[in-house]
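Here is the structure we will look at.
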Amino acid sequence: MEMAVSLSVRLFATNSIPSAGGTGRCNYTEIAEWFESIGVGQRALPIRVFTVGKKRSPAVQLLVDEYTSKLRRYCAVEDVQVRSNPRNAREKQAQIVDEDVAVMNLIKPDDWVVLLDEQGIDIESEEMAELIGGAADKGASKLSFCIGGPYGHGPKLRERANISIKLSSLVLNHQIALVVLMEQLYRSWTILKGQKYHH
């Protein structure tokens with residue numbers, strides 16, 4: 001878990017992201033050039049987003065589809081829905097184990113796995129961009145982001161994950177977490193490309 005360790009000490013801490021220079025504004029070209037100078041963003045890895053849960057609301061699906069469409073300008077994206085409690089277990093622990101197995105069966109050995117968890121490390125948007133841009137340099141073929149079910153992630157997925165991050169200090173419903181994640185993935189790519197979406 002070499003990359004997990006480096007990310008937990010603020011990603012690639014030896015190279016700090018250019019600051020706004022006290023102006024309060026990002027210099028997007030400077031950020032994009034900095035990512036390029038440290039070798040980030042050379043290859044766009046396909047992204048898979050695993051979400052454990054029940055059927056999504058139409059409004060959430062509309063937003064997910066919108067950001068998926070935007071993301072496909074930069075990389076391949078797959079939205080994978082995993083049914084919560086796949087074997088209709090009555091006990092909470094059995095449900096967690098069943099969901100754990102269902103997600104683990106979809107993850108490949110060379111995936112770089114990012115767990116979304118309220119106990120994960122708190123990262124900023126620029127660091128998310130660094131994570132996305134730098135994973136290819138660690139030998140990964142895909143980036144897999146995992147949003148857990150109502151009782152969270154199981155032990156096998158937690159052990160397999162390369163890193164655990166949180167989107168917010170607030171507890172988010174898994175559908176809201178998905179929308180936030182999709183927006184942040186799109187924002188990350190605009191940062192990597194030096195585009196003026198990120199403020």
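For the numbers below, each heavy atom of this structure counts, side chains included, while hydrogens, waters and symmetry mates do not. Please read all numbers here as calculations on a predicted model, not as lab measurements. Counting begins at 1 with the first residue of the sequence.
- Put simply, Val80 and Val64 are part of two different groups of oily side chains (I, L, V, M, F, W, Y) that touch within less than 4.5 Å, one to the next.
- Arg72 approaches Val77 most closely through the heavy-atom pair NH2-O, 2.9 Å.
- Between atom CD of residue Gln81 and atom CD1 of residue Ile147 there is a gap of 11.0 Å, rounded to the nearest 0.5 Å.
- Using a 4.5 Å heavy-atom cutoff, the side chains of Leu181 and Met128 are in contact.
- The backbone N or O of Asn85 lies less than 3.5 Å from a partner atom in the side chain of Glu99, making a donor-acceptor pair.
- Under a hydrophobic clustering in which Ile, Leu, Val, Met, Phe, Trp and Tyr are joined whenever their side-chain heavy atoms come within less than 4.5 Å, directly or via other members, Leu172 and Val49 fall into the same cluster.
- At least one side-chain heavy atom of Pro150 sits under 4.5 Å from a side-chain heavy atom of Gln95.
- Interatomic distance, Arg73 CZ to Leu71 CG, rounded to the nearest 0.5 Å: 9.0 Å.
- In the hydrophobic clustering of this structure, Val180 groups with Leu143; members are Ile, Leu, Val, Met, Phe, Trp, Tyr whose side-chain heavy atoms approach within less than 4.5 Å, directly or through other members.
- Looking at Asn162 and Lys138, their side chains never come closer than 4.5 Å, going by heavy atoms from C-beta outward.
- With contacts defined as side-chain heavy-atom distances shorter than 4.5 Å, the pair Ile132/Cys75 does not qualify.
- Taken from OG in Ser164 to CZ in Arg158, the straight-line distance is 6.5 Å, to the nearest 0.5 Å.
- Judged purely by atom type and a 3.5 angstrom limit, Ser69 has no side-chain atom pairing as donor or acceptor with the backbone of Asp65.
- Expressed to the nearest 0.5 Å, how far CD of Glu183 lies from NZ of Lys70 amounts to 8.5 Å.
- In this structure Arg87 satisfies the side chain to side chain donor-acceptor pair (under 3.5 Å) test together with Asp98, sequence neighbours excluded.
- In terms of heavy-atom proximity, Arg187 sits nearest to Ser125 at CD-OG, 3.5 Å.
- Residues Ile47 and Leu157 do not share a hydrophobic cluster, defined by chaining ILVMFWY side chains whose heavy atoms lie under 4.5 Å apart.
- Residues Ala161 and Leu115 approach most closely at CB-CB, 4.0 Å, considering heavy atoms.
- Counting heavy atoms from C-beta on, the side chains of His174 and Thr51 come closer than 4.5 Å.
- The shortest side-chain heavy-atom distance between Leu116 and Ile165 falls under the 4.5 Å cut-off.
- In this structure, Arg48 contributes its side chain and Leu106 its backbone to a donor-acceptor pair below 3.5 Å.
- Side-chain N or O atoms of Glu159 include none that pairs as donor or acceptor with a backbone N or O of Lys156 at under 3.5 Å.
- No single ILVMFWY cluster, assembled from side-chain heavy atoms under 4.5 Å apart, contains both Ile176 and Val82.
- Inter-residue side-chain proximity for Leu131 and Glu127 is flagged as unmet; no heavy-atom pair is nearer than 4.5 Å.
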Before giving the answer on side-chain contact (heavy atoms from CB on, under 4.5 Å), spell out for Asn88 and Arg83 the whole-Å C-alpha distance, their side-chain angles and the decisive distance to 0.1 Å.
CA-CA 10 Å; Asn88 298 315; Arg83 188 166 74 89; 3.8 Å; yes
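- Between Leu63 and Met182, the closest side-chain pair of non-hydrogen atoms is not below 4.5 Å.
- To the nearest 0.5 Å, atoms OG1 (Thr68) and CD (Glu78) are separated by 10.5 Å.
- At distances below 3.5 Å, at least one donor-acceptor pair connects side-chain atoms of Asn105 with backbone N or O atoms of Val101.
- Here the shortest heavy-atom pairing between Val103 and Cys146 reads CG1-SG, 4.3 Å.
- Between Tyr74 and the options Tyr197, Tyr67, Trp189, a ring-ring contact (aromatic ring centres under 6.0 Å, His included) holds for only Trp189.
- His153 and Gly148 make their closest contact through CE1-N, 3.1 Å (heavy atoms, listed as atom of the first residue, atom of the second, distance).
- The minimum heavy-atom distance between Asp111 and Ser144, with the atom names listed, is OD2-OG, 3.0 Å.
- With rounding to the nearest 0.5 Å, the separation of CG in Asp117 from CG in Leu167 is 10.5 Å.
- Exactly one of Lys55, Gln175, Arg56 qualifies for a side chain to side chain donor-acceptor pair (under 3.5 Å) with Gln61. That residue is Arg56.
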